[in-house]
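Here's the structure, in structure tokens; my notes come after.
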Amino acid sequence: MTTKSNSISDPRYSCAVGATNSVVAIRGAVPIANCSPGCQLKQTAFLTFENGFQGSVYAGAGNMPSANSTENDIVFGGIKTLDELVKSTLKIFKGDLYVVLTGCVGGLIGDDVPSLVRKYHEKGYPIVAVDTAGFKGNNLYGHEEVVDAIIDQFVGDYHGKKQKGLVNLWFETPYFNQNWRGDYQEIARILRGAGFNVNIPFGPENNGVKDWRRIPKAQFNLVLSPWVGVRNAEHLQEKYGQPFLHISEIPIGGEATSEFIRNVVKFAGIDKLQSEKFIREENRIYYYYLEHFSEFFAEYWYGMPSEFAIAADSAYTLAYTKFLADQIGLIPRKAIITDDPPQKFRAELERLFHDLTEGVDVQVEFEEDGYLIEKAIDGVKFSSGKPLILASSWELTIANKKKALFFEITPPSSESLIINRSFAGYKGALNLLEKIYSASVGGK
Amino acid sequence: MTTKSNSISDPRYSCAVGATNSVVAIRGAVPIANCSPGCQLKQTAFLTFENGFQGSVYAGAGNMPSANSTENDIVFGGIKTLDELVKSTLKIFKGDLYVVLTGCVGGLIGDDVPSLVRKYHEKGYPIVAVDTAGFKGNNLYGHEEVVDAIIDQFVGDYHGKKQKGLVNLWFETPYFNQNWRGDYQEIARILRGAGFNVNIPFGPENNGVKDWRRIPKAQFNLVLSPWVGVRNAEHLQEKYGQPFLHISEIPIGGEATSEFIRNVVKFAGIDKLQSEKFIREENRIYYYYLEHFSEFFAEYWYGMPSEFAIAADSAYTLAYTKFLADQIGLIPRKAIITDDPPQKFRAELERLFHDLTEGVDVQVEFEEDGYLIEKAIDGVKFSSGKPLILASSWELTIANKKKALFFEITPPSSESLIINRSFAGYKGALNLLEKIYSASVGGK
Amino acid sequence: MAKTIINLDMTEVENREFRLGTIIGWDGKASDLIQQSAYDERSVKKHGGCAGKGLGCRLCELQSPLNQETMCSNAIVQCQIGNLTDCVLIDHAPIGCSGENSKFNLSMHNGLKRRGKPLQNTLNISTNLKEKDMVFGASDKLRRTIRDAKDRYNPKAIFIGMACATAIIGEDIDSVAEEMEPEVGVPVVPLHCEGFRSKHWSTGFDVAFHGVLRQIVNRHPEKKQKDLLNIVALWGTDYFSEMLKPLGLRVNYLLDCASFDEIRQASEAIATATFCDTLGGYMATALEESFGVPQIDAPQPYGIRGTDEWLRAIAKVAGKENEAEEYIESEHRRIAPKLAELRNFFKGKNGIVMTGSAYAHGLISVLSELGIGHDAALLFHHDPIYDGGGKHQDTLKELIDTYGDIPHYTVSKTRAFQLPQLLKRAKTNFLIIRHPGLASVAGHLGFPTLTMGDEHIPVGYEGILRVGEMLKGVIARTKFNRILKRHVKLPYSDWWLSQSDPFYLTNHPEVLDDLPRAAGKEKQELIQASA
Amino acid sequence: MAKTIINLDMTEVENREFRLGTIIGWDGKASDLIQQSAYDERSVKKHGGCAGKGLGCRLCELQSPLNQETMCSNAIVQCQIGNLTDCVLIDHAPIGCSGENSKFNLSMHNGLKRRGKPLQNTLNISTNLKEKDMVFGASDKLRRTIRDAKDRYNPKAIFIGMACATAIIGEDIDSVAEEMEPEVGVPVVPLHCEGFRSKHWSTGFDVAFHGVLRQIVNRHPEKKQKDLLNIVALWGTDYFSEMLKPLGLRVNYLLDCASFDEIRQASEAIATATFCDTLGGYMATALEESFGVPQIDAPQPYGIRGTDEWLRAIAKVAGKENEAEEYIESEHRRIAPKLAELRNFFKGKNGIVMTGSAYAHGLISVLSELGIGHDAALLFHHDPIYDGGGKHQDTLKELIDTYGDIPHYTVSKTRAFQLPQLLKRAKTNFLIIRHPGLASVAGHLGFPTLTMGDEHIPVGYEGILRVGEMLKGVIARTKFNRILKRHVKLPYSDWWLSQSDPFYLTNHPEVLDDLPRAAGKEKQELIQASA
């Protein structure tokens, strides 16, 4: 049965309780996993290991406190186990923020986790509870839940003034979007260069809970993502009266990034002088490199791909397809979004794929089942030369079958190690070209 | 005969007339190649194509004016052809600086190129002549000749004041050191971050002849290279009374880069406040990434290299060997320097390789003949697992034979495309780790 | 037939903690644990005798209020049954339970390469359960996924793995399996491996073996393959073939990367051996009890003595005693010079092993052979006995008798927070670890680690040399970890880092009543922020 | 035997400009060039007749005071002789002359892969001459390197390539070759390919062929291989075998990636053909004249008509006329639907070809078949005749007669500075280029380019479709180039960019007396700088 069913082969996301990793992305924060043994190792394996072997930090991965529920907890309730866990975590871990994430078991056996956590919260501990039962949604859903929970239960109300030029950056999902660390740095660099004061909730340039407390003061929220985070921005709008700018497409390359900057500057109404100067300087360097690259691109003798297929989450599928089709001139033959975006975002995504570049159009598909994704790619008759396939490790075998150039852009990813790599903005575009065309060249 | 002779198989450098490419690395400068047809295509093929397919810009590569000497020129002298070429270049090219580089033919048939060029120089054209006959030395020799020629014939005398904190950066050889563009940017970023005003003669952040005119005003010259450029710095010291700081090792990674900054700051005597703050911030980010990476490094199940062999130019061989042996803990089993450094620099290079890290020592070898280099690598009995071989495309076959992880770090390099890649400084170290360990992972 | 230890009539497996008395918390001298484990008495009981019953058999176990990321039986089933080449494993669960499958796919890719089999992906499907299914039940989705499995991959068998959520809502996978088997025409095998069921993941191995023993292994083989030896293994490189060639034997690896037919023929082999008694005991015992395939009762094949004895025991079954003696002698001679060189290199060095139980014993043997000291060891569980209960299968006793006592012998399941204390009280230059989550923390404490991913590396005579060579590369990384230690902030409080007892929380539960003052720093910040 | 056109007794080759009247500068209508070239008269002369002599034979050639980076005969020899699998090429030169060898190594790697041969590096050695050698002579170093070549690679033959420097200092490579041959026991072949010798690099092909014809090709073959056809080629994918299989023929590719024995057997083949008459003429003619292997006198195998005729001519020699007709008919039928689709796609599109001479004619045929307009073409040289001088080898006339005239037919050797003018006066959507240095500049002017690196792609019926498919991908890149054009500053002056005649400097030499004012900007800066 190659038709759609509930079945999912070769999964491309994990479940809500994997949002422990969003907590790890906040400097000094400690996740407390209230779930079964195995839950966190599975989520972490997917998000931080089988995803460019990113690794984890601080209270993530092996250090993560976890209830590891037993049959006893199922039968008699797990609150006592959780209470012990919270207590010992507060005793043994240094945390500026503790987030209790409850998985399937807690939800199904009816433990009252919020009450327990409230007890500690009321004593003054910076602790927050979130329901992230795996059957409620995937890790992207869990990520959004965690953000709202921290805002509501930790950051709390704010009635002070807003600070002009201060922007909260809601961007890639930590650990899930495999280049998130480098991408946050590149987009932050760009926004700063354009004159903004950038508040970054996650990653290398996050300063911990201090930055979360700054969130309500920002002039506005920037959601740079097709859908993840829009819910949070709506919540912030309501809670703090903060407007938000939603940009679906991560800018890649000189043209898109300059346009991105101009859009954000326009929305914020800040002075253009600095941003235009920044654009000029960045373009000077970018096109210096692109002029060099264009020689290879025009003159390489031994073939390079002219068509590609892509299957990844909404954010990367859109951004890479756009850049490759519009700026580089690769022909998109198949684009599949695999992160199950909520229905209300799908029409806009479809539109964006219809408007990639002059005369190029691809009907984006939404599919999470790896079996059907493989079939869809297998069905493309690539016309000449080696095509390029950008997807996950699951597609290694179909890429071999198609004699394609292949690399991974989405979890699971086992063929590359990722540290500070970015394919976003000015610099990332050049990295992406290096990556694609390094795969094309040589006599290997 | 596996003993050393004049013979060179599989060359790793080109000849002096290849220094046309150093001219291309100066924004707005136009090289005029006074040599045979074929000379420039060969040099350019080696330096800009078979070296990460870097490509060229402006008046480089296909745009480069070239005398393309004919039998007629050999018999009757080539001055008339060159005069026509200079004239038409001045007519047709927009240049802020023209550099005439004379190859083997001009030298052997006794053309008086300097007189011809002087004629145009005296008329006010920014033009310079350099003898870069291929039999006089390799492209590194040619590069140093070009620098001195521009200083002497174009920049000229200077008796004004020096500007404290302004430093001229004499660093990698443009186009030859394959990461030169990215490396210049990273080292410039670091020096600026530490509080310097950095004057960069070549590459993406060079502002053309304007920056060359600034050279005499600098407080000092920083030569960041084992030997290339030392001759120029000595010349500048004599000509402008400028002191210079010679650092052989390109810093890679948190420790080396912080130490590098401190050394330069100390030499310059500028305030430490900014540099120490910069080091703190950079280290914070660097070790954030390294902490992530350390999880992979400690936990990856499917093997990674523990030994390596390296064969490249002095600068990269030293810098990479040091970083890998000292900071990462890979065991150097063979290190070969292939760029024929002048004798007077060799003892110091040997010393640096004896002092890599506690308890690790490798007897560096100097060899330019690819046949002997291959034999030397073939002779290493790697002890377990896949070794890592860092060398040139010529070593692709021996790497296959040794079942090694392999990538290129020196020309010729045909298996990667290089745009803004850097393995230097804080960021480059992370890129280098990404590159090495991406080669190690997966089920490819 | 005598009453069997393993009951193949049931679909469920009895947990290790009940069947073997497995514990996951203990701290003391190894020799004391041997005594407390009372292997011989348990062995008598295993084999139908009586040597006391009830509480007397329960080992004293240290509990911990703080636990950390760990593994479950469900994941073990995925990495066993999910890595068969022509059978499908269905995760009857929400999607998150399939999170690690991609990692097991990488294991399989590497395993296939090591065994010279063609590259393929794992054949796993999730029923992908949602909130509604928790309320209304999910059996229809399971039926649909079984049909999908058949249509997509045309497998030789279909396995169904139970998860926490489906166990709690009471999914009846046994009935669905039985109902669907005729429709799909291949065995449909229910596996009761929900994560909360057993306190230790190794129960998952037993569940996986149980499933194939019940429904795949040929109950009535028409022939015996006299040159075939079952090796219960994982994905390791095929070093066993070269060791067994002198005895004229071929290897039948079970289960990872095996095909349906390879599993099926397990009952045709002359005997069953393993690289790890923790892993192999259940399978070997059931094959012996219910299929008449004897298990090898010998020390594990690590270090010189272990390998000698293991080979001799197999040779006896195969009738190749002379060949074995010749091979043993020639191997001793062959490795001697290199071994001497390695012993010289490692003089004065110490190491700590952190892995599952019986495998740790094997690794420590190898360290001993290399002359590497080992004052401490961390094991993720302790099985006072294995299913076989054979005379020569008391791996801990075998280790201590051969190579001496271990003063700091700790049993604790993946509690990274105890590493500061564990590494404080014993000298070490490196760690050998086989499990995610600990090596990285040890690295932050300044120690280089060898992750023994290819578990066959230390096996046999050559294994001693292989480990020695690899450890040279590991020790070379020491500075990397020292630098890391300077720059990485551990998430543990200074108070905790100053402790020396890894089980301090267990031994002093009252400290949890004395929590650090709440939010002092936080509140100050709040005040500043609103100022 | 009649007097031959090619004299194999001499070690040196007569340059193309003298032998064929090759020019590297011309601009006008293609039909005019055909007329001026007077192929038929030259052909008569070639074949020993007399049709006038002297100046009348010299084509009018446009000179240029400005030349740019280009290729030389020495490089051509390196990419031919340097790409044999079991022979060594010595570059008797300073090290820079070996600069492109690494690129030819990449060509060889790709060629070997395409031909299914094992990966190996090129076998080249430089004598690595220094300043002293220029003064005192370098023959001893050459001798040493010949010995090194023998000891390092034990080759079947050793070739010595002359370079500018060694030619100027008068190195006598002929004598050294003769002297060393007995010592090394294999042919030692001198090649007079110094870069300044010929104004066009294609003389280098002739030098390479000359060397193998003199000293490698078997002068007295004992047998004929009736199913063997020589194809003078480069590194292209082996599409010829599938085209020649219906005629029962195997292909002997010459020279790239060939072994000594493959070259040696060239005299055993039934005939010689090529994918490019510029390349293949010398070899084919000498094989015909001196070894009795006929050359195929037919149009080149591009486009439908060319391929038809080429196959028929070969079929005639092989005695397979019926098979050829059947194959031709079935191929016409096979490609028709796809070709119609492509023609529809390319309706209204135009293209420009920039390559060597005869190959350009082939490529333009393919564009014509695809319905792509071509008002202009740039050729790096024009040979008014080829060595064969056969009735059906007038490739330009064949092209124009079949597909119509080309109004802007320009001959100019790699002068990138003329591209703005060339691309201004003709409509085009893309360029097809085969030579380094131009495509990049065309790209900066806003045009996407197809670099025809695998030169066999356009060959035959399927070649038309292959090119069509590739061009779709090229046209998709148009925006990349448009963006580039906005951001890349060309190094040419506004004055030059405003010109429309690519040969303006040639046609108006007086403009060079009117140079732009010197250093205005520079001087201002100087003043500012010292202020």
Side-chain angles (χ1 to χ4, degrees), chain A residues 1 5-11 13-15 17-18 30 36-38 40-46 49-50 58-59 61-66 68-71 74 84-85 87-94 96 104-105 108-109 123-126 134-136 138 210 213 371 393-394 397 412 414, chain C residues 65-72 74-75 94-103 105-106 119-121 124-131 134 141 144-145 147-148 151-152 164-165 168-169 195-197 199 416-417 436-438 440-441 491-493 496 505 511-512 515-516 518-519 522 525 529:
Chain A
M1 270 169 245
S5 73
N6 60 293
S7 301
I8 287 190
S9 291
D10 310 344
Y13 46 69
S14 79
C15 77
V17 83
V30 175
S36 288
Q40 285 307 320
L41 191 53
K42 285 177 175 188
Q43 310 315 308
T44 301
F46 183 79
F49 181 87
E50 263 294 333
Y58 205 61
N63 280 328
M64 195 186 295
S66 174
N68 298 349
S69 314
T70 61
E71 193 135 28
I74 309 302
E84 292 265 292
L85 178 67
K87 239 190 287 183
S88 51
T89 300
L90 291 173
K91 182 77 189 169
I92 285 203
F93 283 75
K94 261 185 317 202
D96 298 327
C104 294
V105 166
L108 291 172
I109 64 178
K123 285 187 194 157
Y125 293 99
F135 51 78
K136 289 222 170 148
N138 67 17
K210 197 160 82 180
R213 296 218 187 275
Y371 179 80
S393 308
W394 296 118
T397 46
S414 62
Chain C
L66 178 55
N67 285 293
Q68 290 173 292
E69 181 189 275
T70 192
M71 202 173 196
C72 68
N74 181 281
I95 194 68
C97 295
S98 306
E100 213 167 346
N101 285 355
S102 53
K103 189 172 165 184
N105 190 44
L106 178 60
L119 187 72
Q120 66 164 85
N121 280 343
N124 299 160
I125 318 182
S126 169
T127 53
N128 183 26
L129 303 183
K130 304 287 178 67
E131 190 156 18
M134 298 300 114
K141 287 198 171 173
R144 170 67 200 242
T145 298
R147 291 187 187 104
D148 284 344
D151 290 341
R152 290 176 175 196
C164 294
I168 294 173
I169 66 169
F196 62 74
R197 166 181 287 259
K199 70 184 170 194
F417 77 92
L438 295 170
S440 158
V441 182
Y492 302 111
S493 66
W496 178 244
L505 290 188
V511 296
L512 290 187
L515 294 186
E522 276 301 308
E525 273 190 13

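Every chain is numbered from 1, with letters handed out A, B, ... down the list of sequences.
- The most heavy-atom pairs under 4.5 Å with chain A, out of Tyr492(C), Phe417(C), Trp496(C), come from Tyr492(C).
- Closest approach of Leu515(C) and Lys87(A) over heavy atoms only: CD2-O, 3.3 Å.
- For the atom pair Ser9(A) OG and Asn121(C) CG, the distance stands at 10.0 Å (nearest 0.5 Å).
- Proximity to chain A (any heavy atom under 4.5 Å) is restricted, for Asn124(C), to the backbone atoms N, CA, C and O.
- In this structure, the side chain of Gln43(A) does not engage the main chain of Gly99(C) through any donor-acceptor pair within 3.5 Å.
- For the set Thr70(C), Leu438(C), Val441(C), the entry with the most heavy-atom pairs within less than 4.5 Å of chain A is Thr70(C).
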Checklist entry - Given Tyr371(A) and Ile125(C), is the side chain to side chain contact (heavy atoms under 4.5 Å, CB included) satisfied, shown in steps? => result CA-CA 9 Å; Tyr371(A) 179 80; Ile125(C) 318 182; over 6 Å; no
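- Proximity to chain A (any heavy atom under 4.5 Å) is restricted, for Leu505(C), to the side chain, taken from C-beta onward.
- Here the straight-line distance linking atom OG of Ser88(A) with atom CG of Leu512(C) works out to 5.5 Å at 0.5 Å rounding.
- Of all heavy-atom pairs spanning Pro37(A) and Gly195(C), the tightest one is CG-O, 3.3 Å.
- When heavy atoms are compared at a cutoff of 4.5 Å, Val105(A) approaches chain C by way of both its backbone and its side chain.
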Checklist entry - Is there a side chain to side chain contact (heavy atoms under 4.5 Å, CB included) between Gln120(C) and Thr397(A) once you walk through the steps? => result CA-CA 7 Å; Gln120(C) 66 164 85; Thr397(A) 46; 5.5 Å; no
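- In this structure a side-chain-to-backbone donor-acceptor pair under 3.5 Å is present from Lys42(A) to Cys97(C).
- Inter-residue side-chain proximity for Leu85(A) and Leu66(C) is flagged as met; some heavy-atom pair is nearer than 4.5 Å.
- To the nearest 0.5 Å, the span separating CD on Glu100(C) from CG on Leu41(A) amounts to 4.5 Å.
- Ranked by heavy-atom pairs shorter than 4.5 Å toward chain C, the options Pro412(A), Pro65(A), Gly134(A) are led by Pro65(A).
- With chain C as the partner, the residue from Ile109(A), Val17(A), Thr44(A), Ile74(A) showing the most heavy-atom pairs under 4.5 Å is Ile74(A).
- Taking CD1 of Ile95(C) as the reference point, atom OH of Tyr13(A) lies at 5.5 Å (rounded to 0.5 Å).
- Taking chain C as the reference chain and counting heavy-atom pairs below 4.5 Å, the highest number among Asn68(A), Asn138(A), Ile92(A), Thr89(A) is found for Ile92(A).
- For Tyr58(A), the parts lying under 4.5 angstrom from a heavy atom of chain C are both the backbone and the side chain.
- In this structure, NZ in Lys141(C) is found 9.5 Å from OG in Ser7(A), a value given to the nearest 0.5 Å.
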Next on the checklist: The test is side-chain hydrogen bond (donor to acceptor under 3.5 Å, both in side chains); show your working for Ser5(A) and Asp148(C) and say whether it passes.
Outcome noted: CA-CA 8 Å; Ser5(A) 73; Asp148(C) 284 344; 2.5 Å; yes
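- With chain A as the partner, the residue from Lys199(C), Met71(C), Met134(C), Glu69(C) showing the most heavy-atom pairs under 4.5 Å is Glu69(C).
- Between chain C and the residues Gly38(A), Gly18(A), Ser14(A), the most heavy-atom pairs under 4.5 angstrom are made by Gly38(A).
- Heavy atoms of Lys130(C) lying under 4.5 Å from chain A belong to its backbone as well as its side chain.
- Remark: Arg197(C) CZ to Glu71(A) CD distance equals 6.0 Å, nearest 0.5 Å.
- Both the backbone and the side chain of Asn63(A) come within contact range of chain C, judged by heavy atoms closer than 4.5 Å.
- Inspection of the Thr145(C) and Asn6(A) side chains reveals an N or O donor paired with an N or O acceptor under 3.5 Å.
- Pro65(C) approaches Glu84(A) most closely through the heavy-atom pair CB-OE1, 3.4 Å.
- Only the side chain of Ile168(C) has a heavy atom closer than 4.5 Å to any heavy atom of chain A.
- Here the shortest heavy-atom pairing between Pro94(C) and Cys104(A) reads CG-SG, 4.0 Å.
- Heavy atoms of Leu90(A) lying under 4.5 Å from chain C belong to its backbone as well as its side chain.
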